[in-house]
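For this chain, numbers begin at 1 and follow the sequence in order. Treat the numbers as computed from the prediction; the structure is a model and nothing was measured.
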Amino acid sequence: MGKNMQLSLLYVVEFTVVAFTLLLRVDGRRLIETPIVRLDIQTNQVTMSNGIVNVTLSIPYGLVTSISYGGVNNLLVTQNVEINRGYWDIFWNRTTSKRARKKFLGNSFEVIMDTENQAEISFKSTWNASQSDELPLNSDLRFVMLRDTPGFYTYAIVERLEGWPLVYIENLRVVFKLQQDMFHYMAISDERQRIMPMPVDQETGKVLDYKEAVLLTNPTNLDLKGEVDDKYFYATDNKDDRVHGWVSSTNPPVGFWMIIPNDEFRTGGPYKQDLTSHVGPTVLSIFVSRHFAGDDLVIKFQQGEPWKKVIGPVFLYLNSNSSAMDNPTILWDDAKRRMNQEVANWPYDFPVSEVYIKSNQRGIIRGQLLVNDRFRQYGLWKQYSVLYPENDLVYNVGTSNYSKDWFFVHVTRNIGNKTYISTTWKIIFNLEIVDNASNYTLQMALAAAQRAELQVRFNDEKVVEPHFTTGKIGGDNAIARHGIHGLYFLYSIEVKGNLLVNGTNTIFLTQAIATNPFQGVMYDYLRLEGPHQ
């Protein structure tokens, strides 16, 4: 009897839950009422709020001036003027003039959606022909807040109309600058997270070979003394840059995270490297840049060329947990969980713009890439001159070990007094039988190049004209910026059989341009192929 009664109660409970769920869906009511999304529009500013976070933007510019969350009135740096806290900006030129930097500043404000569950606002800027010195580009900056969501989304619609003048776009990004005395712990990946220097530490430190690299000589945190800080240490491939940000030292700690749910709006593809977060504390999402690529990835619009693109949305996610006082990775792990949720929800269904392509207008491809992350180390290119002070690298196929006998980058040699000379590497190999009447092929793949010229000679190092030259190539600066790749080059070099001999052969690889320490190439692979059968 008791067992039957217990069973009956179980059925009643199960039915009640199902019925209540159905009722919730039909009536659209909530079990627990949460604060609705609100817009507070004043003369010079608008505040979006949902009971979790408040975001204030200037009217009509669309600058993010304040983000309130977790009991903190403003997570953004209040020491900066309002135009320098949270913004979209662009670096551009017209080839004949110096590069210009411009913040996207709207000249009109519009409420796109204002409901209990979602608010979307727009800040538009329109170019006209009388603005000959201004960037010929229309922009529409969008900001979106959803109910029950600890953060906000932002995206941009940029457009050129037919007939507009030539322009080159070098860099396009969204930037947030956080409170300096509040955010000290930065996280880029599971392996790359740490206590960071302060901006003043860069000012008091010693600038090294280039301005971004600074030796910390008298840092605020003495544990960091003797370290090198460089924002390019924290660059990463697009494919690995899904979430990064900072954790505050407040009680309770607050996490401020940039979540990039997809790569479709970033130039260069999944293996394009770019900046993430760095000393400031600064949080970035970069959509267009020449970093680790050079001019080849500058967007070059010719006279009259039209263009329209949606960039984003990206998600600014905020979290907090008192346990993170002793273990900030708690907030990092939570940010990763939210990132996975955002990735799974892509493409989003909430953006109101008709230009944004919804999921029912798309196809889908799914896959997985497994990668190993690592910290970067400053100045490794200098070790070539240490390891090879007089004679260049020699690699013997069959006896040399590539992990010990091959240097990671083919650079110049420093002979002192800021003087550099070209270097020639030798690859020695054996061919038993050479077909002198046929052609061989040397496949030469370069993972990066910086203002270099690679000359190739076969069995005669002294011949004046190389058997092959790349000419001057590259501008990705991957060597100086601690990258393991930049822009990729592949050369299929025809090698006449009469250049080779039976027995021992040598390929001479000369990096011919030598005016600074960063000129050189990174090899991906070299492969000599026999004649086609």
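- In summary, the side chains of Y384 and D392 do present a donor paired with an acceptor at a separation below 3.5 Å, with no hydrogens or angles considered.
- Atom CG of L490 has more than 12 neighbouring heavy atoms from other residues, nucleotides or ligands inside a 6.0 Å radius.
- None of Y356, Y155, W346 except one satisfies the ring pair (Phe, Tyr, Trp, His ring centres under 6.0 Å) rule with F265; the exception is W346.
- Side-chain N or O atoms of S403 include none that pairs as donor or acceptor with a backbone N or O of N401 at under 3.5 Å.
- K231 and S277 form no side-chain donor-acceptor contact under 3.5 Å, judged by distance and modelled atom types alone.
- T515 and Q519 share a side-chain donor-acceptor pair at under 3.5 Å.
- Once rounded to the nearest 0.5 Å, the distance linking NZ of K272 with OG1 of T236 reads 11.5 Å.
- For the atom pair CH2 of W425 and OH of Y395, the computed distance is 11.5 Å after rounding to the nearest 0.5 Å.
- For E264 and K309, the salt-bridge test fails: no basic side-chain N is under 4.0 Å from an acidic carboxylate O.
- Between the side chains of Q303 and E305, no donor-acceptor pair of N or O atoms lies under 3.5 Å.
- For the salt bridge (Lys or Arg N to Asp or Glu O under 4.0 Å) with D89, the lone residue among K102, K103, R173 that qualifies is R173.
- Side-chain contact check for K177 and N84: at least one donor-acceptor pair (N or O, by modelled atom type) lies under 3.5 Å.
- Classified by interplanar angle (parallel below 30°, tilted 30° to 60°, perpendicular above 60°), the ring pair F458/H467 is tilted.
- Judged purely by distance below 3.5 Å, without hydrogens or angles, the side chains of Y378 and D230 never pair a donor atom with an acceptor atom.
- Side chains of W88 and T154: a donor-acceptor N/O pair is present below 3.5 angstrom, by distance only.
- When only modelled atom types and interatomic distance are considered, W332 and D190 share a side-chain donor-acceptor pair under 3.5 Å.
- Across R99, K300, R290, a single residue satisfies salt bridge (Lys or Arg N to Asp or Glu O under 4.0 Å) together with D295, and that is R290.
- For D237 and H485, the side-chain atoms include at least one donor-acceptor pair closer than 3.5 Å.
- Screening L284, D241, D240 for a side-chain contact (heavy atoms from CB on, under 4.5 Å) involving T276 leaves a single residue, D241.
- For the 3.5 Å distance criterion, the side chains of T506 and N459 fail to qualify, holding no donor opposite an acceptor.
- Between the Q383 side chain and the L380 main chain, no donor and acceptor come within less than 3.5 Å of each other.
- In this model, a donor atom of one side chain and an acceptor atom of the other lie less than 3.5 Å apart for E453 and T469.
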